[in-house]
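For reference, the structure discussed in these notes is given below.
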Amino acid sequence: MIDAQVITIDGPSGSGKGTLAQLVAEDLGWHLLDSGALYRIVGAMCVRREVAFAAVDEVAELAGALQISFAEGCVTVDGLDLTDEIRTEDAGEHASKVAQHPQVRDAVMMLQRSFRSPPGLVADGRDMGTVVFPEAKLKIFLDASPEERAQRRYKQLKNKGLSVSLRGLLEQIKERDARDRGRAVAPLKPAADALVIDSTSMSIDGVFEQVMSEARARGLV
Ligand code: C5P
């Protein structure tokens with residue numbers, strides 16, 4: 001048994017789970033696992049190596065052999081800097097396509113579990129509480145309406161100086177949600193024992209306070 005507690009934060013894209021996970025991990029001094037980044041890396045490497053997303057065995061083999069490092073805000077894969085490449089809207093789409101395959105998820109699972117080490121881990125994704133760390137003492141499912149999530153993403157991209165269409169983003173979000181929620185393996189859904197928080201009309205600070213008070217109530221802090 002590994003002596004490290006886990007807090008899982010799952011939810012759809014744009015719900016704020018990445019920001020929340022970062023704040024909680026920083027506050028507690030725990031490790032952070034951005035599991036979506038792993039699927040984004042697999043998608044990006046498929047594009048670079050010209051492996052079709054539907055070529056399940058090849059994608060799984062590729063996923064299992066990657067040398068990945070997250071250090072000082074940089075993502076390095078097999079010696080390549082993929083930090084910016086995995087953050088595009090296309091990379092999110094590609095991730096969602098490779099993530100549908102059970103063989104690919106199995107290959108990524110080992111990697112995800114290896115992030116668990118003392119003093120603790122905050123893991124964000126879609127199936128952290130349901131599949132990867134079902135024993136976690138605190139599971140959060142962070143949701144928000146598709147319109148609010150599209151609006152948040154729109155602002156983020158605008159701030160980066162990128163020109164995007166709000167309507168296009170909303171369509172993409174709905175499409176990705178449908179794929180993530182409807183897939184046969186590890187679909188996006190709250191664990192039976194998850195605390196569901198709807199952040200549509202909440203600030204990130206409000207969500208953070210609620211999560212930290214739950215962590216204290218469960219003796220994690
Ligand atoms: O969270 P992020 O937007 O980076 O995730 C990209 C895609 O990776 C998601 O749309 C989802 O299909 C997939 N994913 C997953 N399981 C996770 C994390 C991400 O299937 N635990």
Side-chain angles (χ1 to χ4, degrees), residues 6-22 24-25 31-47 53-54 56 59-60 62-63 66 68 70 73 75 77 82-116 121-134 136 139-144 146 148-150 152-154 156-157 164 169-191 194 199:
V6 183
I7 295 177
T8 61
I9 302 179
D10 289 305
S13 56
S15 59
K17 65 187 162 34
T19 310
L20 175 66
Q22 220 168 345
V24 174
H31 300 282
L32 176 67
L33 166 62
D34 169 4
S35 63
L38 299 178
Y39 290 101
R40 286 170 180 263
I41 287 169
V42 175
M45 291 306 282
C46 285
V47 173
F53 301 134
V56 183
V59 179
L62 173 151
L66 296 174
I68 301 173
F70 294 96
V75 180
V77 184
L82 297 193
T83 315
D84 295 330
E85 190 172 321
I86 62 163
R87 288 295 149 210
T88 64
E89 299 309 296
D90 277 354
E93 278 297 303
H94 300 160
S96 165
K97 285 181 181 158
V98 295
Q100 293 180 91
H101 307 308
Q103 294 93 322
V104 176
R105 302 197 73 85
D106 282 348
V108 173
M109 172 91 85
M110 302 294 285
L111 196 56
Q112 289 169 333
R113 290 195 172 146
S114 73
F115 278 75
R116 183 179 183 182
L121 176 70
V122 180
D124 103 60
R126 302 291 187 290
D127 60 342
M128 297 295 100
T130 49
V131 177
V132 183
F133 301 109
K139 300 177 184 177
I140 305 295
F141 189 88
L142 190 60
D143 212 343
E148 172 65 19
R149 290 186 280 128
R152 289 177 190 170
R153 188 72 186 135
Y154 181 74
Q156 266 178 1
L157 294 172
V164 282
L169 279 176
L170 181 59
E171 270 165 27
Q172 259 179 4
I173 279 183
K174 286 185 171 167
E175 199 182 306
R176 185 126 71 92
D177 275 5
R179 198 182 301 127
D180 289 350
R181 291 184 204 265
R183 71 183 171 215
V185 57
L188 171 65
K189 64 168 186 197
S199 75

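Indexing begins at 1, ligand by ligand and atom by atom, following the structure's order.
Regarding atom 12 (O) of ligand 1, its nearest protein heavy-atom neighbour is Asp180 OD1, 2.7 Å. The closest protein non-hydrogen atom to atom 4 (O) of ligand 1 is Arg40 NE, 2.6 Å. Ranking the protein heavy atoms by distance from atom 18 (C) of ligand 1 puts Ser35 OG, 3.4 Å first. Of the protein's heavy atoms, Gly36 CA, 3.5 Å lies nearest to atom 19 (C) of ligand 1. Atom 16 (N) of ligand 1 has as its closest protein heavy atom Arg105 NH2, 3.0 Å. Ranking protein heavy atoms by distance to atom 13 (C) of ligand 1, first place goes to Ala99 CB, 3.8 Å.
Between Thr83 and Val75, the shortest heavy-atom distance links the atoms OG1-N, 3.0 Å. In terms of heavy atoms, Val98 sits closest to Val59 at CG1-CG1, 3.9 Å.
Two residues are said to be in side-chain contact when any heavy atoms from C-beta on lie closer than 4.5 Å; Val108 and Val132 fail this criterion. A 4.5 Å side-chain heavy-atom check between Asp177 and Lys174 finds every atom pair outside the cut-off. Under the 4.5 Å side-chain criterion, counting only non-hydrogen atoms from C-beta, Arg181 is in contact with Pro12.
Residue Arg126 holds the heavy atom nearest to atom 1 (O) of ligand 1 of all those in Met128, His94, Gln100, Arg126.
Side chains of Thr19 and Arg152: a donor-acceptor N/O pair is absent below 3.5 angstrom, by distance only.
Near Tyr39, meaning under 4.0 Å from any of its heavy atoms, are these atoms of ligand 1: 8 (O), 14 (N), 15 (C), 16 (N), 17 (C), 18 (C), 19 (C). Less than 4.0 angstrom separates some heavy atom of Arg176 from each of these atoms of ligand 1: 3 (O), 6 (C), 7 (C), 9 (C), 10 (O). Taking every non-hydrogen atom of Ala95 and a distance limit under 4.0 Å, the qualifying atoms of ligand 1 come out as 6 (C), 7 (C), 8 (O). The ligand atoms of ligand 1 that sit less than 4.0 angstrom from a heavy atom of Lys17 are 1 (O). Atoms of ligand 1 found under 4.0 Å from any heavy atom of Gly125, numbered from 1 in the order shown, are 18 (C), 21 (N).
Counting heavy atoms under 4.0 Å from ligand 1, residue Glu93 does not touch it at all.
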Quiz item: Do Phe70 and Ile41 pass the side-chain contact (heavy atoms from CB on, under 4.5 Å) test, and can you show the C-alpha distance, the side-chain angles, and the key distance before you say yes or no?
Solution: CA-CA 11 Å; Phe70 294 96; Ile41 287 169; 4.1 Å; yes

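Taken to the nearest 0.5 Å, the CD atom of Gln22 stands 10.5 Å off from the CD1 atom of Ile9. Rounding to the nearest 0.5 Å gives a distance of 8.5 Å between CD of Glu175 and OG of Ser96. To the nearest 0.5 Å, atoms CZ (Phe141) and NZ (Lys17) are separated by 9.5 Å.
At least one heavy atom of Arg183 sits closer than 4.0 Å to an atom of ligand 1.
Of the polar atoms of Gln112, none of the N or O atoms is found under 3.5 Å from an N or O of ligand 1, judged by distance alone.
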